[in-house]
Structures are given as C-alpha cells and as structure tokens.
S.K.: 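After the structure tokens below, expect a handful of questions from me.
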Amino acid sequence: MTATPYHNPVLLAESVAGLNIKENGIYVDVTFGGGGHSKEILRQLGAEGKLFAFDQDEDAIANRIDDTRFQLIQENFRYLKQFLKFYGIRKVDGVLGDFGVSSHQFDKAERGFSTRFEGDLDMRMSKRNSISAYDVVNTYSYDDLRKVLFTYGDLRNANQMAKVLLAKRETEPIATTEQLKDSLKSFLPKAKAHKILAQVYQAIRIEVNQELEVLKDFLMQLPDMIVPQGRISLISYHSLEDRLVKRFIRAGRFEGEAEKDIYGHSSVPFKKIGGLVIPSDKEITANNRARSAKLRIAERI
C-alpha cells in the first residue's frame with residue numbers, strides 16, 4: 001500500500017472562507033483529523049485569535065499543531081459545550097465540521113473501514129467506543145441488524161442480508177472484513193459489488209459510532225455557542241447527515257417546521273449563507289473521496 005497523507009482536507013478554501021474569519025476571533029474545528037482545515041484557519045487568524053480542535057481518534061493526536069493559539073481536545077465533538085466550558089469558553093465566532101471518515105482511517109486496514117483491505121471488523125473512530133462492527137454483526141438481533149442495514153445503508157435487501165448474517169455467525173463468528181464480504185457474496189453482483197458493500201459498511205459504521213445521534217447532539221448546541229453573526233461551515237458526505245444539517249439550518253430542528261412565536265413569526269437561530277457548495281471536477285479528480293461532499297454555511301441571527 002502506497003503512502004498517503006493522513007487526510008486530504010475537502011473543500012478547504014470554501015469551508016474556511018465560509019467562516020468569514022475575524023482576525024482575533026475564537027474558532028472550533030470539530031473534526032481535526034490531519035489538521036488541514038485547522039492550519040488554514042490558523043493562517044488567517046491574528047496573534048490574539050484562538051482555535052480549538054476536537055478529534056476522538058487517538059491516531060489524530062500525532063498531528064497536533066505546535067502553535068500557542070491552538071488547543072487540541074481528544075474528545076467526541078458531541079461534548080463541544082462541555083469541554084469548551086472547561087477551557088473557559090462559552091461563545092465562539094465560528095465552527096467548522098468535516099464529517100465522515102478520514103483518509104487515514106480508510107487506509108489503515110486494521111481499522112476495518114475500507115472495503116479494499118482485509119482487517120478486523122472494528123470501524124470504531126475511537127478505541128474507547130463500547131461497541132465495534134464485530135459486535136453489531138455478531139450480536140445484534142435479526143430485527144436490530146435489519147434496521148441498521150435498511151435505515152443507515154438504504155439497502156433494499158436488508159431483510160435477506162440480516163438473515164444470511166445470522167445464519168453465517170451460527171457456524172463461526174464473522175470476525176474480519178473479508179468474512180463479512182464472503183458472507184454477503186450472493187448480494188454482490190460484479191457490476192454493483194463495490195457500491196453495495198460501501199452501503200453495508202456505511203450502515204454498520206454509523207451504528208458503531210452513533211454518528212447521527214452525535215451530529216444531532218452537536219447541532220443542537222450551536223445556537224448557544226455561536227455569537228451573533230458568527231458562522232457555521234459544515235461538510236457532509238451522505239444524505240442522512242446532509243438532511244440533518246439542512247433541516248437544522250432551515251428550521252432549528254430535525255422534524256417539522258420552525259417554531260413560531262405568538263405573532264406567527266418563525267424563530268430560527270441561523271440563516272443560510274449562499275447555496276449548497278460541492279467540490280469542483282478538479283478537486284474530485286485530485287481527491288476522489290471528495291466526490292460526495294456537500295458544504296452548507298449559515299450565520300447566527
């Protein structure tokens with residue numbers, strides 16, 4: 001396997017520009033990874049500016065930036081408010097999030113994120129996670145496994161896949177990515193095998209890391225954390241994430257319409273800035289993992 005950067009930052013210029021950075025403001029990069037977005041934010045910050053970054057992945061800590069204006073917090077960003085409060089920060093000028101899996105996580109076979117390499121069924125973004133992909137595949141009931149595959153993977157054969165996995169694990173545990181693929185081979189016609197496997201992996205990974213619940217917890221903290229005219233710049237990679245971000249920006253909630261006051265006026269915390277931003281053909285050619293990225297920018301009212 002050829003060496004690759006820890007992570008190629010997606011929509012780098014567009015997402016950082018979306019923050020409309022104030023020279024001496026306080027900003028948060030909630031998905032530090034390889035530090036690409038953080039480095040660009042720091043480049044635009046003045047001497048009195050401050051950047052906090054979150055990453056729960058132990059491997060990301062090695063990328064810590066040596067800068068007095070920078071503080072890396074090794075935690076899940078669902079605890080944004082709690083840990084910023086620990087550092088005496090109650091309000092910030094902007095938050096950037098680049099959700100999903102980093103290039104590094106995909107490229108380390110032993111992490112179990114990639115359909116290309118054999119590795120243990122893990123898929124944990126932090127080793128502190130209480131469950132792994134092994135637990136989902138080998139211990140979930142038929143109903144729970146079917147629900148994961150259908151809800152998070154949009155797999156039409158979720159019922160049949162769950163039955164096959166339950167039958168297979170009765171014989172022996174499904175412990176590796178190759179064993180998972182082999183168990184599902186009857187659902188993987190050659191022309192669509194990669195796409196279907198990607199959906200299966202996505203479904204299990206979202207369940208393992210509780211990604212949608214984490215995203216909801218994070219988004220609901222933003223109205224209290226962002227100063228008026230402060231910005232949020234959020235990159236999603238699949239429709240489940242993007243739908244939550246879009247609905248939150250539009251209505252301040254995930255279901256139904258925005259709340260209204262007694263006069264019938266909607267009370268939403270953010271207004272969108274510009275339209276949906278997607279990568280250029282040039283960026284996708286240079287970094288294929290950018291192809292599904294969607295950036296939404298909003299400003300605190």
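Counting from 1, the numbers follow the sequence of the chain as shown.
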S.K.: Any salt bridge linking K185 with D182? Criterion: basic side-chain nitrogen under 4.0 Å from a carboxylate oxygen.
M.R.: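 Between D182 and K185 there is a salt bridge, with a charged N closer than 4.0 Å to a carboxylate O.
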S.K.: Are side-chain heavy atoms of V214 and N209 found at a separation under 4.5 Å?
M.R.: no
S.K.: Which residue pairs satisfy the ring pair (Phe, Tyr, Trp, His ring centres under 6.0 Å) criterion with at least one member in residues 266-301, sequence neighbours excluded?
M.R.: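 Found F248-F270.
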S.K.: With side chains defined as the heavy atoms from C-beta onward, is the minimum distance between L155 and F187 less than 4.5 Å?
M.R.: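 No - every pair of side-chain heavy atoms lies 4.5 Å or more apart.
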S.K.: Roughly how far apart are S15 OG and L96 CG, rounded to 0.5 Å?
M.R.: 4.5 Å
S.K.: Would you kindly say whether D135 and Y140 are connected by a side-chain donor-acceptor distance under 3.5 Å?
M.R.: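 Distance-only check fails for D135 and Y140.
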S.K.: Please name the pair of heavy atoms, one in L149 and one in A162, separated by the smallest distance, quoted to 0.1 Å.
M.R.: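 Taking L149 first and A162 second, the nearest heavy atoms are CD1-N, 4.2 Å.
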S.K.: Hey, does N159 have a side-chain heavy atom less than 4.5 Å from the side chain of Y142?
M.R.: yes
S.K.: Taking all atoms of both residues into account, what is the closest heavy-atom pair of K127 and D59, and its distance?
M.R.: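 Minimum heavy-atom separation between K127 and D59: NZ-OD1, 4.2 Å.
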S.K.: For K22, give me all partners under salt bridge (Lys or Arg N to Asp or Glu O under 4.0 Å), at least two apart in sequence or on another chain.
M.R.: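 For K22 the salt bridge (Lys or Arg N to Asp or Glu O under 4.0 Å) partners, ignoring immediate neighbours, are D93.
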S.K.: Sub-3.5 Å donor-acceptor pair from the side chain of R253 to the main-chain atoms of E257, do we have one?
M.R.: yes
S.K.: Taking Q210 for its side chain and E207 for its backbone only, find out whether a donor-acceptor pair lies under 3.5 Å.
M.R.: yes
S.K.: Looking only at heavy atoms, which two atoms of A60 and G33 are closest? And how far apart?
M.R.: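 What the structure gives for the nearest pair is CB-O, 3.7 Å.
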S.K.: Is any side-chain heavy atom of R69 less than 4.5 Å from a side-chain heavy atom of L42?
M.R.: yes
S.K.: The test is side chain to side chain donor-acceptor pair (under 3.5 Å); show your working for E211 and Y152 and say whether it passes.
M.R.: CA-CA 10 Å; E211 292 176 33; Y152 298 151; over 6 Å; no
S.K.: Under 4.5 Å between side-chain heavy atoms, hopping through other hydrophobics if needed: is there a path connecting M123 to L215?
M.R.: yes
S.K.: Surrounding CZ of R128 (heavy atoms of other residues, nucleotides or ligands, distance under 6.0 Å), is the total greater than 12?
M.R.: yes
S.K.: Check whether any side-chain heavy atom of M161 sits under 4.5 Å from a side-chain heavy atom of L184, and report yes or no.
M.R.: yes
S.K.: Hey, what's the ring geometry for Y87 with F52, parallel, tilted or perpendicular (30° and 60° as the breaks)?
M.R.: tilted
S.K.: Does atom NZ of K91 have more than 12 heavy-atom neighbours, drawn from other residues, nucleotides or ligands, at distances under 6.0 Å?
M.R.: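 Counting neighbours around NZ of K91, more than 12 heavy atoms of other residues, nucleotides or ligands fall under 6.0 Å, so yes.
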S.K.: Measuring from atom CD1 of I273 to atom CZ of R231, what distance do you get when rounded to the nearest 0.5 angstrom?
M.R.: 4.5 Å
S.K.: Any donor and acceptor pair, going by atom type alone, linking the side chain of S132 with main-chain N or O of Y134 inside 3.5 Å?
M.R.: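 Side chain of S132 to backbone of Y134, a donor-acceptor pair under 3.5 Å: yes, one is there.
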S.K.: Kindly assign one of parallel, tilted or perpendicular to the pair F218 and F99, based on the angle between their ring planes and the thresholds 30° and 60°.
M.R.: perpendicular
S.K.: Output yes when a side-chain donor or acceptor of D122 lies under 3.5 Å from a complementary backbone atom of R124, and no otherwise.
M.R.: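 Side chain of D122 to backbone of R124: a pair is present.
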S.K.: Is there a donor-acceptor contact under 3.5 Å from the side chain of R291 to the main chain of N288?
M.R.: yes
S.K.: Does the side chain to side chain contact (heavy atoms under 4.5 Å, CB included) test come out yes or no for L219 and F254, once each step is laid out?
M.R.: CA-CA 10 Å; L219 291 171; F254 308 116; 3.7 Å; yes
S.K.: What is the distance from atom OG of S239 to atom NZ of K294, rounded to the nearest 0.5 Å?
M.R.: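 Rounded to the nearest 0.5 Å, the OG-NZ separation comes out at 7.0 Å.
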S.K.: Quick check: closest heavy atoms across A203 and G153, and the distance to 0.1 Å?
M.R.: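 Shortest heavy-atom contact: CB-N, 3.5 Å.
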S.K.: L45 and side chain to side chain contact (heavy atoms under 4.5 Å, CB included): which partner among N24, I26, I21, D67?
M.R.: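 That would be I21; it is the only one of N24, I26, I21, D67 passing the side chain to side chain contact (heavy atoms under 4.5 Å, CB included) with L45.
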S.K.: Looking at every non-hydrogen atom in both residues, tell me the closest pair between V10 and D98 and how far apart they are.
M.R.: N-OD2, 4.2 Å
S.K.: Step through the shown structure and confirm whether more than 12 heavy atoms of other residues, nucleotides or ligands are within 6.0 Å of CD on Q82.
M.R.: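 Count over threshold, so yes.
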S.K.: Please round to the nearest 0.5 Å and tell me the distance separating atom CD1 of I226 and atom CD of Q221.
M.R.: 10.5 Å
S.K.: Do K39 and I65 make a side-chain contact, defined as non-hydrogen atoms from C-beta onward lying under 4.5 Å apart?
M.R.: yes
S.K.: Report whether V92 and L19 are members of the same hydrophobic cluster (ILVMFWY, side-chain heavy atoms less than 4.5 Å apart, transitive linking).
M.R.: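 V92 does not cluster with L19.
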S.K.: Pick one: which of E75, Q56, E58 meets side chain to side chain donor-acceptor pair (under 3.5 Å) with S126?
M.R.: E58
S.K.: What closest approach, in Å, do V164 and S183 show between heavy atoms, and which atom pair accounts for it?
M.R.: CG1-O, 3.2 Å
S.K.: With sequence neighbours excluded, what pairs up with S130 under the side chain to side chain contact (heavy atoms under 4.5 Å, CB included) test?
M.R.: none
S.K.: Does a side-chain heavy-atom distance below 4.5 Å link R300 with P223?
M.R.: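 With C-beta onward as the side chain, the pair touches.
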S.K.: Please indicate whether I278 has more than 12 foreign heavy atoms, meaning atoms of other residues, nucleotides or ligands, lying under 6.0 Å from its CD1.
M.R.: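 Counting other residues, nucleotides and ligands, CD1 of I278 stays at 12 neighbours or fewer.
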S.K.: If I take atom CZ from residue R156 and atom CD1 from residue I196, how far apart are they, to the nearest 0.5 angstrom?
M.R.: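 These two atoms lie 10.5 Å from each other.
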S.K.: Is there a side chain to side chain contact (heavy atoms under 4.5 Å, CB included) between R78 and E213 once you walk through the steps?
M.R.: CA-CA 9 Å; R78 78 187 310 170; E213 295 309 312; 4.1 Å; yes
S.K.: Applying the 4.5 Å side-chain criterion to the ILVMFWY set and letting contacts propagate, would L11 and V16 be lumped into a single cluster?
M.R.: no
S.K.: Passes side chain to side chain contact (heavy atoms under 4.5 Å, CB included), L80 versus F54? Steps please.
M.R.: CA-CA 8 Å; L80 175 71; F54 283 72; 3.8 Å; yes
S.K.: How far does CG of L188 sit from NZ of K181, to the nearest 0.5 angstrom?
M.R.: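 Those atoms lie 9.5 Å apart.
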S.K.: Check the pair I73 / Y79 against side chain to side chain contact (heavy atoms under 4.5 Å, CB included), numbers first and verdict last.
M.R.: CA-CA 10 Å; I73 300 170; Y79 306 119; over 6 Å; no
S.K.: If we only count heavy atoms from C-beta on, is the K272 to K246 side-chain gap below 4.5 Å?
M.R.: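 Contact flag for K272/K246 side chains = no.
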S.K.: Do L165 and F150 belong together in a cluster built from hydrophobic side chains that touch within less than 4.5 Å?
M.R.: no
S.K.: Kindly say whether L222 contributes a backbone atom to a donor-acceptor pair with the side chain of K81 at under 3.5 angstrom?
M.R.: no
S.K.: Count I, L, V, M, F, W, Y as connected when their side-chain heavy atoms are under 4.5 Å apart, and connections chain through other members. Are V208 and L121 then in the same cluster?
M.R.: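 V208 clusters together with L121.
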S.K.: Pick one: which of D29, N63, T31 meets side chain to side chain donor-acceptor pair (under 3.5 Å) with S38?
M.R.: D29
